[in-house]
Amino acid sequence: MSKKWKVYVTRQIPHAGIELLQKECVVLVNPYDRPLTREELLENIKDADGVLCLLTDKIDVEVFDTAKKAKGFANYAVGYDNMDVEEATKRGIPLSNTPGVLTDATADMAWALLFAVARRIVEADKFLRSGSWGGWGPMQFLGADIQGKTLGIVGAGRIGTAMALKSRGFDMQVLYHDEHKNEVMEEKLGAKQVDMDTLLKESDFISIHAPLLPSTRHMFDMQAFKKMKNSAYLINTARGPLINESELATALKSGLIAGAGLDVYEFEPKVTEDLLSLNNVVLCPHIASATTTARTNMALIAARNLLAMLKGEKAPQCINPKVYGDN
Ligand SMILES: NC(=O)c1ccc[n+]([C@@H]2O[C@H](COP(=O)([O-])OP(=O)(O)OC[C@H]3O[C@@H](n4cnc5c(N)ncnc54)[C@H](O)[C@@H]3O)[C@@H](O)[C@H]2O)c1
């Protein structure tokens, strides 16, 4: 069977996705173990019929103008703040994402960060490896309790809900802030929907799961940190710019809040210098969805979406269904 379409994949992804595309397309993949430069991206998508792209690729007017033949762009992520959805919709170009398959992996990571910072795991590990440990001590590495505390969820969608449901083992009170009522969390956990100020003031742990939008940028700044308890911890596995990172560093240094666990950064891959020297923050390099299963399923979903777009069919995880005349 001759292959009708040429597609470009902007970074090596699990092979299952590439293999699926190869059945019907000529597939070119970024050969480097790094994101493409802007020039490389534009050069490679020039004559592509479809593009499988990443959250590190800015998919904007210039890209749409360059990839004139592209029948769609399939993002390898659930977040799509890297894409100009309005412009694509105006041009009738479908875009898609990979919701659902990374929900548990991401919520698990938020819990891993919560435990790591509350129980000072990274700091203690470094101490032991340094050869400084002289034996058990009653005052060593005292941390925070988790059992029975209050968990505040900002953005009670798929991942926020999974994060909240996993708190059952720790008998926590759950508060959430979202414009939508979350019946699952209310029925299963007795969770309470509250305004942002209440969540900030009453939570012992706050976990961020809202998307990056103009309205959520810098949702966590000095004003918010001042409302939090001095003993509270902030966990972010959503998107970096939801936090004003330099103000977070100040809040952590001055003891305004107790600690933070971060997977994402305001200016990725740069991390605010001050954070690097603080012990009360645990830093991971944007790996919340990095389980073999989640990343393989993301590759398959992105490939299926792209194939549907190429065939002129509705992409199953389309994020701008208006292009198909839907609302
Ligand atoms: N670190 C990672 O690798 C990683 C992995 C997966 C997802 N993410 C991020 O997590 C986000 C959430 O993913 P999801 O699948 O749960 O999305 P989702 O759409 O199911 O949930 C997002 C929720 O946030 C709510 N929301 C929107 N604006 C809000 C605001 N101002 N205040 C409070 N809530 C608000 C929405 O109503 C929705 O309920 C994604 O947008 C993505 O950026 C990061």
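Basis for what follows: all heavy atoms, side chains included, without hydrogens, waters or symmetry-related copies. One-based numbering, in listed order, for ligands and for the atoms of each. Fair warning: this is a prediction, and the values are worked out from it, not measured in the lab.
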- Item | The one among Gly160, Gly157, Ala290 that brings a heavy atom closest to atom 21 (O) of ligand 1 |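 The residue whose heavy atom sits nearest atom 21 (O) of ligand 1 is Gly157.
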- Query: Can you tell which of Thr106, Thr216, Leu102 gets a heavy atom nearest to atom 29 (C) of ligand 1?
  - Reply: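 Nearest option to atom 29 (C) of ligand 1, by heavy atoms: Thr216.
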Using a 4.0 Å cut-off to any heavy atom of [X], which atoms of ligand 1 qualify?
{"X": "Val264", "result": "1 (N)"}
{"X": "Ala288", "result": "1 (N), 2 (C), 3 (O)"}
{"X": "Ser289", "result": "3 (O)"}
{"X": "Asp263", "result": "1 (N), 2 (C), 3 (O)"}
{"X": "Val78", "result": "6 (C), 7 (C), 15 (O)"}

- Message: Suppose the criterion is ring-ring contact (aromatic ring centres under 6.0 Å, His included): which pairs have a residue in residues 233-287, not counting sequence neighbours?
- Response: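 Listed by first then second residue: Phe205-Tyr233.
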- Could you note down all residue pairs passing ring-ring contact (aromatic ring centres under 6.0 Å, His included) where residues 66-120 supplies at least one of them, sequence neighbours left out?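 Residue pairs passing ring-ring contact (aromatic ring centres under 6.0 Å, His included), neighbours aside: Phe64-Phe73, Trp111-Phe115, Trp111-Phe170, Phe115-Phe170.
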We want to know whether [X] and [Y] form a side-chain donor-acceptor pair, criterion being a heavy-atom distance below 3.5 angstrom.
{"X": "Asn182", "Y": "Thr161", "value": "yes"}
{"X": "Glu266", "Y": "His218", "value": "yes"}
{"X": "Ser132", "Y": "Ser130", "value": "yes"}

Counting only heavy atoms, which portion of [X] has something under 4.0 Å from ligand 1: side chain, backbone, both, or neither?
{"X": "Met109", "answer": "neither"}
{"X": "Ala77", "answer": "neither"}
{"X": "His177", "answer": "both"}
{"X": "Arg239", "answer": "side chain"}

- Query: Judging by distance only, is a nitrogen or oxygen of Ile159 under 3.5 angstrom from one on ligand 1?
  - Reply: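 Ile159 vs ligand 1: N/O contact under 3.5 Å present.
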Which protein non-hydrogen atom lies closest to [atom], naming both residue and atom, and how far is it?
{"atom": "atom 18 (P) of ligand 1", "answer": "Arg158 NH2, 3.6 Å"}
{"atom": "atom 38 (C) of ligand 1", "answer": "Asp178 OD2, 3.4 Å"}
{"atom": "atom 24 (O) of ligand 1", "answer": "Pro211 CD, 3.3 Å"}
{"atom": "atom 8 (N) of ligand 1", "answer": "Thr237 O, 3.7 Å"}

- Could you point out which residue of Leu199, Asp204, Val174 forms a side-chain contact (heavy atoms from CB on, under 4.5 Å) with Thr150?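 Option passing the side-chain contact (heavy atoms from CB on, under 4.5 Å) with Thr150: Asp204.
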